[in-house]
Protein chains: 2
Amino acid sequence: MRSASPNEAVPATTPAASLVFTTVLSHGPITRTEIARRTKLSSAAVTKAVRPLMEIGYLVEDVGEGARRAIGRPANPVRVDGSRALFVGIKVTGDAIIAVLADLCCRILTARTVPLSGRRPAAVLADIVAVLHDLLTEADAIGGRVRGVGIAVSGDVDRAEGVVRYSPFLEWRDIPLAEIAGTATGLSVTVDNDVRALTRAEHWFGAGVGLSDFALVTVGAGIGCGLVVHGRVVSGAHGVAGEIGHLPIDPQGPLCYCGNRGCVEAVAADPAILRDVRAATGLPVADLAEALELARGADPRVRAVYARAGEAIGRAIASVVNILGPERVIISGEGLAAYDLFAAGIRDAFTRSAFGIAEQCDLTTRPLPFEEWARGAAATAIQSFIGSITLRATT
Amino acid sequence: MRSASPNEAVPATTPAASLVFTTVLSHGPITRTEIARRTKLSSAAVTKAVRPLMEIGYLVEDVGEGARRAIGRPANPVRVDGSRALFVGIKVTGDAIIAVLADLCCRILTARTVPLSGRRPAAVLADIVAVLHDLLTEADAIGGRVRGVGIAVSGDVDRAEGVVRYSPFLEWRDIPLAEIAGTATGLSVTVDNDVRALTRAEHWFGAGVGLSDFALVTVGAGIGCGLVVHGRVVSGAHGVAGEIGHLPIDPQGPLCYCGNRGCVEAVAADPAILRDVRAATGLPVADLAEALELARGADPRVRAVYARAGEAIGRAIASVVNILGPERVIISGEGLAAYDLFAAGIRDAFTRSAFGIAEQCDLTTRPLPFEEWARGAAATAIQSFIGSITLRATT
DNA sequence: CTTTTTTCATTGACAGCGGAAAAGAACTGC
DNA sequence: GCAGTTCTTTTCCGCTGTCAATGAAAAAAG
């Protein structure tokens, strides 16, 4: 939330205006009446919030219109004009940067993946600046202006301060990334935790639209979880939340690198699956693709490994659901490639353990390719941007 | 939140006023400057919110004052005048009603426990009305007027509608308790889930004061959990949350009545402990008191049972902490009597499983006798009351 | 003993948000 | 063209919370 500009004074959009803006963002072309219903504002308030946003050009009336009601004055839906502002979303992993150029509707225009030249902040910063310049050129070519940059990093991130408190993969501690990147690029930079950023994107644009309580579970190299409670992304009291990777699932389970036994990650994350497939088959399985192939070839030993992993994931999800009672759980991550193998285990363990709540909670899968993480970072930038729009003149 | 009055129109206190009111409630005698700091309102706004509340008499200036600052104009702290309104809090269990008469500061003036004459809604209602009349007489004697009634019931409760959706212990389904009790007594009745009510009371008056994210874990006949996230008590999307009793802790654990294996409750709740103590010793242990005695007599077999239970509780707490990252976990419930036996297990399992977060989260115990549950119900009533105060005249 | 400094609280002017109600606008159907 | 319906805007207004200045009460300084 730190800006590159010398003073930090952020001109605030009115609460109603940003509420309306995000509602329009999420609910596509939407009539003013419908906005009023969703936001619980009066129709007059909606009109007054929409007008200045249209004057500036961020909202436009949707001429296409859809199916008209049979009767009464036809509605005049509005939507966000994506082209009016561009954003860059950057996801930093332990060994690469994924960056996207996105428009105001958070549609991905271009994506880039570049390997990290090093993990030290200076090296990462250089890589960020490089990819950013690349995308800025791209933006110029399109003829749009980049209004903000979002950076997503795994670990403990203080978004309000724009500081990476601790990132295990990068081995960073207390790096004021927003400020550094902001001064280096002259752009407004927002930094947030990667899972939270992805969760926000799903909340605004994905399978979480319109929900006030849901969970997003990512399965892959690690197992993570983003939460939305009361319509807000949960950060935890100390910036850490959704750490389901180390939920204690089985006291007799395999040893986890965290020192504990039977963590979800020690059973169901990629390395664990690979390890178990090797152990079960005795074959020198090289990678997950090979493991998947064996499973698809109906090798019962390998399928059992996946089934067990699915069960662990299902138990983790059940834990989240028991604790928070969300309306939906979105399962995603690279691990989704093997979802057919996980599915039965997940569903079994989930319905069994989410005692009496399982029926009320909807399990959904959603393939979220790697660029989606960068898109989440862009969504974070868009959120900051919305909060900083200056509105003037109404009558 | 349903009132007995024919129309449901609830005159709303302004947001700022109720914010200030609850701040004063929680933070005892507090200066206006401090209120401004905590609520992030301007000092002018605080003055304007406090004045009408003082005029009505709910707030008073605290003449006692405490330690003065050495320098500058002395502050003029305000506090809530408890005597200006009384409330009844009622907790309904499977076989008894616990009721308290509390003042506006939620201090318990009188407590009553009466056995239920039956579990059918009509029988329970009759018991509620009886105990209520008893407490109303008491209130008359004191010379105070009861302004609201809160009823706490375990299970799925829709507070906004005042309906008990499903209560396993009472075997109720969709009982509009607030409306029924409201018309029967002519008082404003609020109904809420019991754990949420207790959590709210702890948030306002107990170990959760000033925290925006914490968890309250109750250990006893069952194991439950109330959550506060973003400063609000969590209800879940469908009115159910905090069900940690059936977190899947151990796939090889004992069978739980929910049909699953290794639920926390199947290891650490009172019946489970009793069962395990009997099995471990081969003695016909009659009740928990006896089991406790054996443990205190240093019987290693019995102590092992408690240790195991503590471990299960610790794992459950670790799950909550991993998922939500609260600032504090408050452990309470009747099971606290054996806390010395649980303690090591809880702490071990917790620090082991709450990977990297344990240090940031503070474990506290708090003995909450049964009346506290009823007090929670009273707090719910007070919350409704605050929201319904009509303010007029300011200048 | 007066003046200055410091902190707490209040006042009054004021911008502007958001609501209520009514008017206007656009379309269908008769 | 008129009635009916639905969506949107307009006008008016109350009310809220902020700003900046002022008042109040004490200790410290001169």
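Every chain is numbered from 1 and lettered A, B, ... according to where its sequence line falls, protein lines coming before strand lines.
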Nucleotide nearest B:Leu41 when distance is taken to its side chain, options D:dT18, D:dT8, D:dA25: D:dT18
Sidechain N-carboxylate O distance under 4.0 Å for B:Arg375, B:Glu202: no
Rounded interatomic separation in angstrom, taking CZ from A:Arg51 and P from C:dG16: 15 Å
Minimum-distance nucleotide to B:Ala75 side chain [options: C:dA13, C:dC8, C:dG18]: C:dC8
Earlier contact from the 5' end, DNA chain C, for B:Thr31 and A:Ala16: B:Thr31
Heavy-atom donor-acceptor pair, B:Asp213 side chain to B:His230 backbone, under 3.5 Å: yes
Restricting both atoms to N or O, compile the protein contacts to nucleotides 20-23 of chain D shorter than 3.5 Å, with distance only.
{"residue": "D:dG23", "atom": "N2", "partner": "B:Arg73", "partner atom": "NH1", "Å": "2.2"}

Any donor-acceptor N/O pair under 3.5 Å between C:dT11 base and B:Lys48 side chain: no
Residue that, paired with A:Val20, satisfies side-chain contact (heavy atoms from CB on, under 4.5 Å) out of A:Val50, A:Val78, A:Leu25: A:Val50
Distance in angstrom units between B:Ile30 CD1 and C:dC8 P, rounded: 12 Å
Touch class at under 4.0 angstrom, heavy-atom based, for B:Thr33 against every strand present: sugar-phosphate
Ring center gap for A:Phe385 and A:Tyr58 short of 6.0 angstrom: yes
Donor-acceptor contact present, side-chain A:Ser26 to main-chain A:Thr23, <3.5 Å: no
Spacing between A:Leu59 atom CG and D:dT8 atom P, to the nearest angstrom: 13 Å
Rounded distance in Å - NZ (B:Lys40) to C1' (D:dC19): 20 Å
Value in whole Å for how far the C1' atom of D:dT16 lies from CG of B:Leu19: 14 Å
Closest to the A:Asn76 side chain, choosing from C:dA13, D:dT8, C:dA9: D:dT8
B:Arg32 vs A:Ser42, nearer the 5' end of DNA chain C by closest nucleotide: B:Arg32
Separation of D:dA25 P from B:Glu61 CD (nearest whole Å): 12 Å
Passing option when B:Phe87 is tested against B:Leu109, B:Ile382, B:Val149, B:Leu187 for side-chain contact (heavy atoms from CB on, under 4.5 Å): B:Ile382
Euclidean distance, atom CD1 of residue A:Ile35 to atom C1' of D:dT9 [Å, nearest integer]: 14 Å
Pairs involving residues 24-47 of chain A, ordered by first then second residue, that meet ring-ring contact (aromatic ring centres under 6.0 Å, His included) (sequence neighbours left out): none
Whole-Å distance separating the CZ atom of B:Arg37 from the C1' atom of C:dT7: 15 Å
